[in-house]
Amino acid sequence: MRFDPYQAAPGWYQDVLAWSRDLRHSTLSPEIRHLVEIRVSQINDCAFCLTYHTDLALAGGVAQAKLDALAGWRNSSGFSDAERAALGLAEAMTRIGDGNRVDELTWQAARDYFEDGALAALLHVIALINVWNRINVAVEFPEHHPLPT
C-alpha cells in the first residue's frame, strides 16, 4: 500500500463510513445495492472493494450465479428490470467524463423503477462506491487488508 488515507485522516474516514451506514437504511433494496457496489468496483478495478462487497452480497443472500453473471448483466436473463435500470445508471455514472453523460434512456429507466427515496439512495450508493474505489485504487489498498474501525 502506498499510503493509508484512513489512518492518516480518521475523521474523514468515519464521515464517509457514516454515509455508507446511512444508505443501508434507505428504501433501496439491499440486493440492488450489493449488485451496484460490485459492478462499479469491477469497472474501477478495485480488488479490495470487489472482495469486500462480494462477501457482503453472499452473506446478504445474493445468489452466487447472479454474481457470476454480473459483468455480463446486459446479456443475462437472471436480472430483473429494476436491477437492469440500477446497473445501467451505475455504469453511466461511473463513466461520466470526457463527454460521457447519463443518457435519457438510462435516466428514464431508473425513474421508471425507483420511487424518489430509492432513486436518491441509488445515486448516493453509486457516488459513494466510486469514492471508495478511487481512493483504494490510487493508494493500492491491499485486497485483504482489514478496515480500520
Side-chain angles (χ1 to χ4, degrees), residues 1-26 28-76 78-80 82-107 109-110 113-114 118-149:
M1 177 168 35
R2 294 175 169 164
F3 174 73
D4 189 337
Y6 309 122
Q7 292 293 343
W12 291 337
Y13 171 71
Q14 290 301 320
D15 290 344
V16 179
L17 203 56
W19 183 21
S20 182
R21 279 190 214 108
D22 288 347
L23 286 168
R24 290 186 192 133
H25 303 291
S26 74
L28 184 65
S29 138
E31 184 165 340
I32 287 177
R33 187 183 76 245
H34 292 310
L35 293 173
V36 163
E37 289 166 338
I38 295 166
R39 182 64 190 125
V40 170
S41 297
Q42 288 173 335
I43 293 167
N44 290 327
D45 295 324
C46 184
F48 176 85
C49 290
L50 279 168
T51 299
Y52 180 77
H53 290 287
T54 298
D55 289 347
L56 288 177
L58 289 167
V62 178
Q64 182 66 56
K66 187 169 271 192
L67 296 176
D68 292 344
L70 184 55
W73 66 270
R74 290 181 192 277
N75 299 311
S76 172
F79 295 88
S80 70
E83 290 167 338
R84 291 174 184 286
L87 291 166
L89 183 60
E91 288 186 1
M93 283 180 63
T94 299
R95 293 182 172 125
I96 285 176
D98 295 327
N100 295 321
R101 294 281 188 254
V102 176
D103 66 79
E104 194 57 38
L105 287 174
T106 300
W107 179 253
Y113 287 98
F114 298 99
L119 181 58
L122 177 60
L123 291 165
H124 282 264
V125 166
I126 296 165
L128 181 58
I129 192 60
N130 271 288
V131 167
W132 289 120
N133 287 171
R134 282 162 168 67
I135 291 170
N136 290 339
V137 169
V139 301
E140 297 178 351
F141 202 80
E143 179 179 1
H144 297 290
H145 194 281
L147 283 174
T149 55

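Nothing fancy with the numbering, it's 1 onward along the sequence.
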Exercise for the section: Look only at the side chain of Asn100 and the backbone of Gly97, and say whether a donor-acceptor pair between them is shorter than 3.5 Å. Expected result: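 Judged by distance alone, yes, a pair lies under 3.5 Å.
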Handout entry: Donor-acceptor contact present, side-chain Arg2 to main-chain Ala138, <3.5 Å
Key =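 Such a contact is found between Arg2 side chain and Ala138 backbone.
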Handout entry: Under the side-chain contact (heavy atoms from CB on, under 4.5 Å) test, residues paired with Ala121 that sit two or more places apart
Key =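 Per chain and number, Ala121 pairs via side-chain contact (heavy atoms from CB on, under 4.5 Å) with Leu23, Ser26, Leu28.
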Report the distance from atom [atom1] of [X] to atom [atom2] of [Y], rounding to the nearest 0.5 Å.
{"X": "Phe141", "Y": "Cys46", "atom1": "CZ", "atom2": "SG", "answer": "9.0 Å"}
{"X": "Leu147", "Y": "Leu17", "atom1": "CG", "atom2": "CG", "answer": "8.0 Å"}
{"X": "Tyr113", "Y": "Arg84", "atom1": "OH", "atom2": "CZ", "answer": "10.0 Å"}
{"X": "Leu89", "Y": "Arg39", "atom1": "CG", "atom2": "CZ", "answer": "13.5 Å"}
{"X": "Leu119", "Y": "His124", "atom1": "CG", "atom2": "NE2", "answer": "9.5 Å"}
{"X": "Thr51", "Y": "Phe48", "atom1": "OG1", "atom2": "CZ", "answer": "8.0 Å"}

Show which side-chain atoms of residues 52-64 pair as donor or acceptor with protein atoms under 3.5 Å away, not counting sequence neighbours.
residue: His53; atom: ND1; partner: Glu37; partner atom: OE1; Å: 3.1
residue: Thr54; atom: OG1; partner: Leu50; partner atom: O; Å: 2.6
residue: Gln64; atom: NE2; partner: Asp68; partner atom: OD1; Å: 2.7

Minimum side-chain heavy-atom gap [X]-[Y] below 4.5 Å:
{"X": "Leu67", "Y": "Leu35", "value": "yes"}
{"X": "Leu87", "Y": "Leu70", "value": "yes"}
{"X": "Glu83", "Y": "Val36", "value": "no"}
{"X": "Glu140", "Y": "Met1", "value": "no"}
{"X": "Trp19", "Y": "Val125", "value": "no"}

Practice task
State, without any angle test, whether Thr106 and Asp103 hold a side-chain donor-acceptor pair at a distance under 3.5 Å.
Solution key: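 Yes.
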Handout entry: Glu91 versus Trp73, side-chain donor and acceptor atoms under 3.5 Å
Key =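 Yes - a donor-acceptor pair under 3.5 Å links their side chains.
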Practice task
Kindly give the heavy-atom pair with the smallest separation between Ala82 and Phe114, and that separation in Å.
Solution key: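 That would be O-CZ, 3.4 Å.
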Practice task
Indicate the atoms forming the closest heavy-atom contact of Ala90 with Val40, along with that distance.
Solution key: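 Minimum heavy-atom separation between Ala90 and Val40: CB-CG2, 3.8 Å.
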Practice task
Determine the interplanar angle of the Tyr6 and Tyr13 rings, folded into 0 to 90°, and report it as parallel if under 30°, tilted if 30 to 60°, perpendicular if over 60°.
Solution key: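 The arrangement is tilted - the two ring planes meet at 30° to 60°.
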Handout entry: Residues which pass side chain to side chain donor-acceptor pair (under 3.5 Å) with Thr94, listed by chain and number, not counting sequence neighbours
Key =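 Once residues adjacent in sequence are excluded, the partners of Thr94 under the side chain to side chain donor-acceptor pair (under 3.5 Å) criterion are Asn130.
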